[in-house]
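Report on the structure given below.
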Amino acid sequence: MTAGLKTVILLSFVLAVGFLLIILSCALWANWLPLLVALTFVLAPLPNALFAHCGGDEFSSYETGSGAVDLGRFITAIIVVTGFALPIVLAHSEVIKPVACMMSIIGGGLVYGTILVYTAAFRQDDSEYE
């Protein structure tokens, strides 16, 4: 029980640091466009979560993939790449400062990494025999 509580506390701290970096990248230079990165990284796991249960039934073999699951992973990958590429494009076009770009990318990576670690750490299998 305490290992789960320590994990949640650590993940919430890392998530807070990630959001702090994203908000500071906006507030320090008075340009709120890097805040879009937080939105993309928060929305990134949703297609995976929505399409994860569209796989085959229990009688299908493991090797056969489902088109819906692959589509969810593809949309998630597009959103994650957009989250990393958007600040770079904005910095290249001189809309935001390069330091704000780096803070936004690091903060977004922390936010998305926290979401991934949380879902991996607290995943419950649907098997009733284990």
Excluding Leu39, membership of its hydrophobic cluster (Ile, Leu, Val, Met, Phe, Trp, Tyr; side-chain heavy atoms within less than 4.5 Å) reads Leu43, Leu46
Hits for side-chain contact (heavy atoms from CB on, under 4.5 Å) against Leu116, two or more places apart or cross-chain, chain-then-number order -> Tyr112
Contacts of Tyr118 meeting ring pair (Phe, Tyr, Trp, His ring centres under 6.0 Å) (sequence neighbours excluded), chain-then-number -> Phe122
### Query
Shared ILVMFWY cluster between Val111 and Leu21, side chains joined below 4.5 angstrom?
no
Here the pair of heavy atoms bringing Phe41 nearest to Ile115 is O-CD1, 3.8 Å
Give every donor-acceptor pair under 3.5 Å between a side-chain atom in residues 10-18 and any protein atom, sequence neighbours left out.
residue : atom : partner : partner atom : Å
Ser12   : OG   : Val8    : O            : 3.2
Ser12   : OG   : Ile9    : O            : 2.8

Separation between CG (Leu35) and CZ (Phe19), nearest 0.5 Å, reads 9.0 Å
**Item:** Sidechain-backbone polar pair: Thr76 side chain, Pro45 backbone, donor-acceptor under 3.5 Å
**Value:** no
Pair up each side-chain donor or acceptor in residues 24-31 with any protein partner under 3.5 Å, not counting sequence neighbours, and list the distances.
residue : atom : partner : partner atom : Å
Ser25   : OG   : Ile22   : O            : 2.6
Asn31   : OD1  : Leu33   : N            : 3.4
Asn31   : ND2  : Val95   : O            : 2.7

Listing, residues 98-106 side-chain donor-acceptor contacts under 3.5 Å, not counting sequence neighbours, or none:
none

Contacts of Leu71 meeting side-chain contact (heavy atoms from CB on, under 4.5 Å) (sequence neighbours excluded), chain-then-number -> Phe51, Ile75
Per-pair distances, 0.1 Å, donor-acceptor, side chain in residues 79-93, under 3.5 Å, sequence neighbours excluded:
residue : atom : partner : partner atom : Å
Thr82   : OG1  : Ile78   : O            : 2.8
Ser93   : OG   : Val89   : O            : 3.1
Ser93   : OG   : Leu90   : O            : 3.2

